[in-house]
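Letters A, B, ... are given to chains in the order of the sequence lines, protein chains preceding strands, and every chain is numbered from 1. Only heavy atoms go into these numbers, but all of them, side chains included; no hydrogens, no water, no symmetry mates.
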Number of protein chains: 2
Amino acid sequence: MESEKRSAPKELSERKKQILKAIIEAHIELGEPVGSKYLTSNKHIACSSATIRNEMAELESMGYLEQPHTSAGRVPSEAGYRLYIDSLIDSYRLTEREIEELRTNLRKKQAELDGILDTAIRLASSMTDYTALAAKPRKVRVTVSHFDIIRTDERSMILVMLIGGIVKTRQIRSRVPIAEEASSKLETLLNRKLSGLTAAEITMPLMMEMERDMGAEDYLVEPVVKGICETISAFDGGELRFDGIDRLLSYPEVYGGERLRDMLTLFERKQDLLDVFSETEMQTGDDGAVKIYIGRENLVKTMDNSTLVYKPIKRGDLLVGAIGVIGPTRMNYSRVIAMIDHLSRGVSNLIEDGDERSD
Amino acid sequence: MESEKRSAPKELSERKKQILKAIIEAHIELGEPVGSKYLTSNKHIACSSATIRNEMAELESMGYLEQPHTSAGRVPSEAGYRLYIDSLIDSYRLTEREIEELRTNLRKKQAELDGILDTAIRLASSMTDYTALAAKPRKVRVTVSHFDIIRTDERSMILVMLIGGIVKTRQIRSRVPIAEEASSKLETLLNRKLSGLTAAEITMPLMMEMERDMGAEDYLVEPVVKGICETISAFDGGELRFDGIDRLLSYPEVYGGERLRDMLTLFERKQDLLDVFSETEMQTGDDGAVKIYIGRENLVKTMDNSTLVYKPIKRGDLLVGAIGVIGPTRMNYSRVIAMIDHLSRGVSNLIEDGDERSD
DNA sequence: AGTTAGCACTCAGACATTTCAAGTGCTAAA
DNA sequence: TTTAGCACTTGAAATGTCTGAGTGCTAACT
């Protein structure tokens, strides 16, 4: 009997590894528990079903396999998947076609970060067949580094703000005409007084001071500064986009009934998922590798039977977001990993240098 | 027998109307077919269940009611709902609380149109308990009305474009430093040559002409113009946002199993829904009333058993989008209509005058 | 020792059958 | 014209049966 004896990964014989790998890959392919007989006939393993049964029993007691019920085949456990990903998996080479498809599509709508991310998740979802998601992390200290004012006509102007490399704009209208000089005066004033300040650091005395400086056009200050504060506050960054939610339905064994509901709610609430991205990644100055969270490893209980594969997106050394894929634990890991890796890299390059560049 | 005798709405007796109304409201409330007995005991109708049965049989032959199967209660048909909405419904007064909640929440994140729409759908969804959606219509002729260039540092600038009242920006980097004069020269050149042109109207000869005009810095022209074209093309407008997809699951009778899949696919594909918004509304210079599409009335077959309630959003006379709610045909119409009406109005006001204003 | 063949056992899922309750249509009485 | 009563219909739920896939174990085999 021996009861349970976990955490002895070194002692896996070569044949056990081979069997485990075969089981996992068969299960990823079929989505059903896989039995000993299937293995002998479809995967080339040089022993009989009985032997495999023995090995499977051992693998189960080691915690790498599970049995849904007594007379069913085996299913990989989370530990099994983890082992598989860490040491058994064959790395997937994207084909020329795939790379080309990624590249051309990614270029299509590269106007702004949002646009890029949107196309990226669309791509990720359509090419992996899982639900894709992208996050912009919550920023710690949000400040405007540069202000600019554009007069569009007599009584309206556009305030352009550069926040951490992202451009935000805001319309300003006035009931009375605004003089050319007034707007440029306001612009320099904003740059001098407000650049580098967080919303919390913009105080009433500061605003009153600015009103004094503006002289005749002091009435402009209040609405503009208010607007700036709002924009800064609104720019918490924390945003999450999805594509291909309907693909969850391709895996009814996992996302049938209640589960689906949980998942949709998770997507809608966004907060939990944002936390995963933010807490795990953004703070630790980790290297930018592809991260994989399997089932319980996720902090969010809803994702017990799901896997999250994602990779951060950087602009220089700055972390601006992350892109990934979420799906059932039985996921085509090698392909997804390669895909996300490539995509994230592509997006990073795109925002790195806005102008043309080939790879 | 008399067989079927439709389209005789005038001949509805007062009692029939009362019964139909009661049935519809009961069905909206309970979600199940409603029987004669239920009506006599729970709604105050001054006759017995047998009488009601007779009336129901007639209403059914007129096409206002349907019977899922022989021994079930009655369910309103689409024609029934239509009649109800057009002439039977009591209009819903939003409570002070509700109005206040809408107002304060709507103000929160009003930095840009996108932001406003996002909060608006979030609000719509949470306050109606249905899935909310907002669309930005496909623009017919997309042109840039004003260009502006901001130098952020020596070798990078931001190109600001005003497209139909919406601001779009784009980063431009250069490997060699750009002189102050060069950027302002480029700016005036862009405004003179490209404002008012669609992407298709920007031709090669035109670009070459601009390169001549730019003189020494002609290398800037190509990437910038290319970027402008991309931005214009990308700005087809057509965009669709959702909130509260998970609320579909509150109506499992309608969105159970296959149906849910269809619905999610519909949401993901976006195109069909965008068409509904665009074709129906954007072209006909219709008045800005709340529109209601019930079941088959929708062009999209997936929405057979759903209702779409929406209202356009205007900026002045310009149509900039629409906001609405989608849900099961058995929807709390009066409340939803009032809500969407108010919300759309609120959003319109917000973008009308960017600065402060109370209602 | 490790491997294989054979056999009894288990159990979820599919299918058939029964039961139940809700709601109707119709008829006859008020 | 309305109402009470009753026979009838029918989907949904409950129950029972059957089957096949897959296991664990034992005994023979290399």
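- Of all nucleotides present, only C:dA30 satisfies the Watson-Crick or G-U wobble test against D:dT1, with each distance under 3.5 Å.
- What separates CG of A:Asn54 from C1' of C:dG2 is a distance of 10 Å, to the nearest Å.
- Atom C1' of nucleotide C:dT3 and atom NZ of A:Lys16 are separated by 14 Å, given to the nearest angstrom.
- A:Arg247 is linked by a side-chain hydrogen bond (donor to acceptor under 3.5 Å, both in side chains) to A:Ser125, A:Asp129, counting only residues two or more places apart in sequence or in another chain.
- Residues B:Val300 and B:Tyr293 form no side-chain contact, since every pair of their non-hydrogen atoms from C-beta on lies 4.5 Å or further apart.
- Residue B:Glu60 contributes atom CD, which lies 7 Å from atom P of C:dG25 at whole-angstrom precision.
- Base pairing annotation: D:dA27 forms a Watson-Crick or G-U wobble pair with C:dT4, both donor-acceptor distances under 3.5 Å.
- Atom CD in A:Glu58 sits about 13 Å away from atom C1' in C:dA1, given to the nearest Å.
- In this structure, the side chain to side chain contact (heavy atoms under 4.5 Å, CB included) partners of A:Glu66, at least two apart in sequence or on a different chain, are A:Ser77.
- Less than 4.0 Å separates DNA chain D from at least one heavy atom of each of the following residues of residues 67-75 of chain B: B:His69, B:Thr70, B:Ser71.
- For B:Asp341, the salt bridge (charged side-chain N to carboxylate O under 4.0 Å, His left out) criterion is met by B:Lys311, B:Arg345, not counting sequence neighbours.
- Atom NZ of B:Lys37 and atom C1' of D:dG5 are 11 Å apart (whole Å).
- Contacts with DNA chain D (heavy atom under 4.0 Å) in residues 39-53 of chain B: B:Cys47, B:Ser48, B:Ala50, B:Thr51, B:Arg53, listed by number.
- One atom, OH of B:Tyr38, and another, C1' of C:dT24, lie 19 Å apart when rounded to the nearest Å.
- Protein atom CD of A:Glu32 is 16 Å distant from nucleotide atom P of C:dA12, rounded to whole Å.
- Using modelled atom types, one finds a donor on one side chain and an acceptor on the other under 3.5 Å when comparing B:Tyr92 with B:Glu98.
- In this structure, B:Glu55 places its CD atom 11 Å from P of D:dT3, rounding to the nearest Å.
- Among residues two or more places apart in sequence or in another chain, the side-chain hydrogen bond (donor to acceptor under 3.5 Å, both in side chains) test is passed with B:Ser306 by B:Tyr255.
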Donor-acceptor contacts under 3.5 Å from residues 25-35 of chain A side chains, at least two apart:
from: A:Glu25; atom 1: OE2; to: A:Tyr84; atom 2: OH; distance (Å): 3.0
from: A:His27; atom 1: ND1; to: A:Tyr81; atom 2: OH; distance (Å): 3.2

Show me the side-chain donor-acceptor pairs of residues 39-46 of chain A shorter than 3.5 Å, one per line, residues at least two apart or across chains.
from: A:Thr40; atom 1: OG1; to: A:Lys37; atom 2: O; distance (Å): 2.6
from: A:Ser41; atom 1: OG; to: A:Lys37; atom 2: O; distance (Å): 3.1
from: A:Ser41; atom 1: OG; to: A:Tyr38; atom 2: O; distance (Å): 3.2

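- With sequence neighbours excluded, the residues satisfying side-chain hydrogen bond (donor to acceptor under 3.5 Å, both in side chains) with A:Tyr333 are A:Thr307.
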